[in-house]
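Whatever order the structure lists ligands and atoms in, that order sets their numbers, starting from 1.
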Amino acid sequence: MYPYQITSEEQYTNDYRNSVENPEKFWADIAQYFSWKKTWDKVLSADFEKAEVKWFAGAKLNITENCLDRHIEKLASQPAIIWEPNDPNEHYRVLTYKELLFKVKQFANVLKNNGVKKGDRVCIYMGMIPELAIAVLACARIGAIHSVIFGGFSARSIADRLQDADARFIVTCDGAFRGAKDIPLKAIIDDALESCPFVQRVIVCTRTHTPVSMIKGRDVWWEDEIKIVETQGNPDCIAEVMDAEDVLFILYTSGSTGKPKGVVHSVAGYMVWTNYTFVNVFQYTPGQIYFCTADIGWITGHSYLLYGPLSAGATTMMFEGIPTFPDAGRFWDITQKHKVDILYTAPTAIRSLMAYGTSYLEGKDLSSLKVLGTVGEPINEEAWYWYYENVGKSKCPIVDTWWQTETGGIMISNLAGVTPHKPTYATLPMPGVLPCLVDETGNELADNGVSGNLCIKQAWPGMIRTTYGDHERCRQTYFSTYKNMYFTGDGCLRDKDGNYRITGRVDDVLNVSGHRIGTAEVENAINMHQGVVESAVVGFPHDIKGQGIYAFVIFNGMHVDEEHTRKDVIQTVSRIIGAIAKPDKIQFVSGLPKTRSGKIMRRILRKIAEGELNNLGDTTTLLDPGIVEEIKSGRL
Ligand code: WT7
């Protein structure tokens with residue numbers, strides 16, 4: 001039990017009320033249970049007009065002392081991380097709290113030896129191996145800012161991010177195992193660095209033994225650097241004293257326009273928020289095995305594989321592979337083998353496993369499971385019941401957790417076994433979260449039983465602080481649409497009892513298999529192909545991915561044949577962004593529906609992509625209404 005754990009519906013109601021009526025007192029009471037080098041001067045100061053928010057200003061701390069050192073006395077030999085490899089025949093690894101702390105200090109010293117200092121940006125591009133967790137925590141130990149890039153992004157995407165953050169240090173692997181694939185991470189980094197001459201050091205951890213080229217003076221092996229630290233003798237690494245509002249990390253995420261932005265989170269608020277939400281949403285009990293299937297390259301991995309669980313002294317599972325390798329029973333094998341208590345995954349994973357049928361669940365002992373969770377996208381009713389009945393055996397509450405990269409942690413969710421679940425609903429706000437629904441003109445919709453755009457009216461500790469290098473972009477994107485509110489970009493329904501149901505993005509952002517992709521980004525990538533004149537990208541409902549990517553492309557080049565051109569365009573997108581952004585459908589068109597002022601009418605394209613051909617709305621303002629008929633008849 002944690003002192004701030006909510007154990008009944010009444011307590012939830014009470015705590016919720018206190019948290020919104022007197023947030024400073026509420027969060028100060030919780031924050032006292034963390035380890036500080038100096039406590040705060042002021043709990044909260046917020047100015048949404050300027051997008052300026054500070055939590056625990058004046059306080060000093062280091063998040064790794066909260067995640068590691070402070071647990072050593074009681075939990076030294078408890079597993080902190082249990083790592084399950086891609087190949088089930090390889091042995092799993094266990095890192096106790098003591099071992100993890102030792103390795104984090106050791107690698108922190110490697111970083112220091114290589115010239116990394118407080119405030120420096122370190123890009124981490126690795127597969128899901130324990131060294132990834134170690135690298136992240138080692139950065140936090142010395143106050144370096146980590147920027148983890150998911151292994152599915154291309155060299156070009158990496159280069160954009162390195163340049164944006166002016167990151168001079170990289171930690172990577174020779175390669176990564178993912179299912180039957182072997183991703184040549186170091187080779188991709190080498191490509192990225194062609195356009196990033198400012199990078200001083202690349203530290204390469206061995207995993208796949210893929211041949212790599214090591215550039216003299218720039219590239220070093222992780223293992224060699226560890227040996228150097230060992231010969232230096234002093235295994236300690238004193239935690240850097242950080243200000244509460246110092247930057248902890250940057251994580252890039254897509255928006256409706258332009259290039260991905262670097263979402264910035266700061267140390268103290270993020271720590272308190274991820275810990276508090278982890279403990280309460282999952283109702284974690286010390287000793288339990290908690291399995292979050294997300295990759296650390298996404299915010300879910302940051303908040304609920306690493307920082308939340310570790311700061312709570314939990315045992316967190318880390319899985320290198322994919323749900324369908326070697327077969328679609330892998331999650332259940334892992335659950336049985338490690339007696340997983342809590343499983344947190346994405347609707348897209350559930351739907352893909354559901355498509356394989358229940359035979360992969362047969363004979364698997366899932367009796368250790370107590371709580372199930374979902375994150376990243378709306379869950380459809382069918383997938384919800386499949387998860388509830390077949391995985392949870394109708395005994396485990398499901399927490400449907402709504403949040404975003406920008407929110408740092410869970411914002412709307414039921415609390416497992418404490419507040420009721422409701423299929424397809426995220427249900428109720430976490431203490432500290434004041435959601436509201438607004439209509440297009442910004443009027444608040446105060447009643448229950450309404451739909452609108454979801455905003456948050458009050459600052460919470462885990463919220464975004466800025467977008468790296470461009471604060472104005474942060475203000476514009478999140479705080480300027482509606483006055484004095486944070487705008488989420490999501491549409492939402494509130495039922496008669498006040499439960500929230502997220503219906504999906506209302507901006508030009510797609511959610512493909514729980515991954516966030518901007519339509520503008522995909523269009524820019526498609527337009528890089530030399531034969532492409534123009535393109536428009538929209539989402540369409542996809543049985544497994546939630547949303548698929550539908551591209552309408554005006555092509556002026558030479559077709560060998562259409563199928564071939566399609567593959568070329570897909571290859572281009574893979575090169576520019578990464579495989580996760582590949583269009584599912586590409587329709588070649590001779591024109592796009594545009595207004596007289598030249599704006600593409602995406603509403604029409606969206607309807608066509610969704611198959612709603614007879615309900616396209618007003619098309620009379622189009623420059624060339626005839627084009628709509630052509631597009632309709634060529635629909636894929
Ligand atoms: C977007 C944020 C949250 C971590 C992973 C994704 C959608 C997220 C839910 C949910 C319905 C959800 C929203 C949100 N989303 N959770 N439980 N139900 N939709 O983080 O990449 O920043 O994406 O994911 O549309 O805005 P992200």
Quick check: are there more than 12 heavy atoms from other residues, nucleotides or ligands sitting under 6.0 Å from CD of E382?
no
is_close_aromatic(Y270, F249), centroid dist under 6.0 Å:
yes
Would you say G376 contacts ligand 1, with heavy atoms under 4.0 Å as the rule?
yes
Using a strict 4.0 Å cut-off to heavy atoms of I502, name the atoms of ligand 1 that fall inside it.
11 (C), 19 (N)
Would you please classify the geometry between the F278 ring and the F282 ring as parallel, tilted or perpendicular, with 30° and 60° separating the classes?
tilted
Is it the case that ligand 1 has an N or O less than 3.5 angstrom from some N or O of R516?
yes
Answer yes if the side chains of E245 and S266 hold a donor-acceptor pair under 3.5 Å, and no otherwise.
yes
Would R161 count as a cation-pi partner of Y125, with NZ or CZ less than 6.0 Å from the six-membered ring centre and within 45° of the ring normal?
no
Interatomic distance, W273 atom CH2 to W403 atom CH2 [nearest 0.5 angstrom]
11.0 Å
When the ring centroid of Y486 is compared with that of F479, is the distance short of 6.0 Å?
yes
Purely on distance, is any nitrogen or oxygen of D490 under 3.5 Å from one on ligand 1?
yes
Judging by distance only, is a nitrogen or oxygen of T401 under 3.5 angstrom from one on ligand 1?
yes
Run down the list A346, G514, P378 and name the one with the heavy atom closest to atom 11 (C) of ligand 1.
P378
I want to know whether H302 and H146 have ring centres closer than 6.0 Å.
yes
Heavy-atom nearest neighbour in the protein, as seen from atom 4 (C) of ligand 1, with distance rounded to 0.1 Å:
T300 OG1, 3.2 Å
Numbered in order shown, the ligand 1 atoms found under 4.0 Å of a heavy atom of N511 are 7 (C), 24 (O)
With backbone taken as N, CA, C and O and side chain as the heavy atoms from C-beta onward, which portion of I299 lies under 4.0 Å from ligand 1: side chain, backbone, both, or neither?
side chain
Hey, is ligand 1 close enough to R505 that some N/O pair sits below 3.5 Å?
yes
Under 3.5 Å side-chain donor-acceptor pair for D400 and W384
no
Between D400 and ligand 1, is there a nitrogen or oxygen pair with a distance under 3.5 Å?
yes
When distances are taken from atom 18 (N) of ligand 1, the protein heavy atom at minimum range is E377 O, 3.3 Å
Which residue and non-hydrogen atom of the protein lie closest to atom 2 (C) of ligand 1, and at what distance in Å?
W403 O, 3.7 Å
Numbered in order shown, the ligand 1 atoms found under 4.0 Å of a heavy atom of V375 are 3 (C), 4 (C)
